[in-house]
Amino acid sequence: MLDPRLLRAFVAIADSGSFTIAAQRLHMTQSTISQQLGRLEQAVGHMLVDRAARPVRPTAAGERLLGHARRILSLQQEAQSLLADPAGSASIRIGLPDDIASRAMMRVFARFSEQYRAVRLDVTTGLSRDLTRRYRAGEFDIIAVKEPTPSADCRASFAEPIGWHESADRLGDWPDPLPLVAFPAGGLYRDAMFDRIGRERRRCHVAFTGSDLTSVLTAVEAGMGLSLVPLRAAAGRAVRPYAPFGAEAEMRVSLYAWDDAGPTAELVAQMAAVLAARQ
């Protein structure tokens, strides 16, 4: 590998045409810069400068190396500048259900990132139960999750009305067993669906499983079956409440964070404001 210090001496000599001027530019003695050029020539196995010429000029081998030397020094400077910039050097890990990762929430994240350039926001969307488990295991710094009842350590909690929905284009009654559009096994809404079906003493089968709220709602719109979804998410979609099941007990959207000071606490407060505005 070519020592950047030796390359810098070579470039300075080639640019100035003088050992004396190059030494002055690099704040060295003339003997030191001559030694550095000699070490570089020994490393590459070629004479790089015609010392007898006035002004001093690169040899043919030196001309071939000169462009590469400039690029190496430029890349080194770029790397040093990059590492000197603290942007994104620390992270706050956040877990959210996909419908909570809204445009309003992203605007909060954008403003926070502008204010705290050193912080990188690592956001993961997923099912609330899985996010909660990973938060308790220390994988997240902040989570906003759906749950029936908030835990004592939540920072804030807000109502999340939910209800059964079917396609707005559905005509007639559903067959027996009822086809359901559900989240994956272990999902909070999926378990609530089966609990309600049991209380209604109805039979059912899962006709479609979607990994996120968008796919679930799209399947309901298409008429694949019934589903239990947040009322806010259903608004504006081609679905309607499934009247036979009536009202459903609301869920809660709860906000959790390990830190209660500094930038994390500021971000939690801003996220809470977004969730409060959903009410």
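- Using modelled atom types, no side-chain atom of S151 and backbone atom of D153 make a donor-acceptor pair closer than 3.5 Å.
- With contacts defined as side-chain heavy-atom distances shorter than 4.5 Å, the pair E63/R57 does not qualify.
- Under a 3.5 Å cut-off, the side chain of T125 and the backbone N or O of D98 do not form any donor-acceptor pair.
- L2 is not listed as a side-chain neighbour of F10, based on a closest heavy-atom distance of 4.5 Å or more.
- Between S16 and S18, the side chains place no donor N or O within less than 3.5 Å of an acceptor N or O (distance only, hydrogens not considered).
- Looking only at side-chain heavy atoms (C-beta outward), S215 and V181 stay at 4.5 Å or farther from each other.
- Contact annotation: the side chain of R93 never approaches that of T124 to less than 4.5 Å [non-hydrogen atoms, C-beta and beyond].
- Relative to the six-membered ring of F158, R278 misses at least one condition, a distance below 6.0 Å or an angle of at most 45° to the axis.
- Side-chain N/O atoms of R120 and S113 include no donor and acceptor closer than 3.5 Å.
- Under a hydrophobic-cluster definition in which Ile, Leu, Val, Met, Phe, Trp and Tyr are linked whenever side-chain heavy atoms come within less than 4.5 Å, directly or via other members, W258 and I94 are assigned to different clusters.
- Under the 4.5 Å side-chain criterion, counting only non-hydrogen atoms from C-beta, F194 is in contact with V206.
- Contact detail for A257 and R155: the closest heavy-atom pair is O-NH2, 2.8 Å.
- E147 approaches P150 most closely through the heavy-atom pair OE2-CA, 3.1 Å.
- Atoms CZ and CG, on R134 and L127 in that order, are 11.0 Å from each other to the nearest 0.5 Å.
- In terms of hydrophobic clustering, with Ile, Leu, Val, Met, Phe, Trp and Tyr side chains grouped at heavy-atom distances under 4.5 Å, L131 and M271 are assigned to different clusters.
- Side-chain contact between V229 and D99 is absent, with no heavy atoms from C-beta onward closer than 4.5 Å.
- Taking the six-membered ring for Trp and thresholds of 30 and 60 degrees, F112 and Y116 have ring planes inclined between 30 and 60 degrees apart.
- Minimum heavy-atom separation, V216 to S227: CG1-OG, 3.4 Å.
- Aromatic ring orientation, Y256 versus Y135: tilted (interplanar angle from 30° to 60°).
- Salt-bridge check for D15 with R25: failed, with every basic side-chain N at 4.0 Å or more from each acidic carboxylate O.
- For the pair R170 (side chain) and D173 (backbone), a donor-acceptor distance under 3.5 Å is present.
- When side chains are defined from C-beta on, H46 does not count as touching L65, because their heavy atoms never get closer than 4.5 Å.
- Residues L213 and P230 form a side-chain contact, since some pair of their non-hydrogen atoms from C-beta on lies under 4.5 Å apart.
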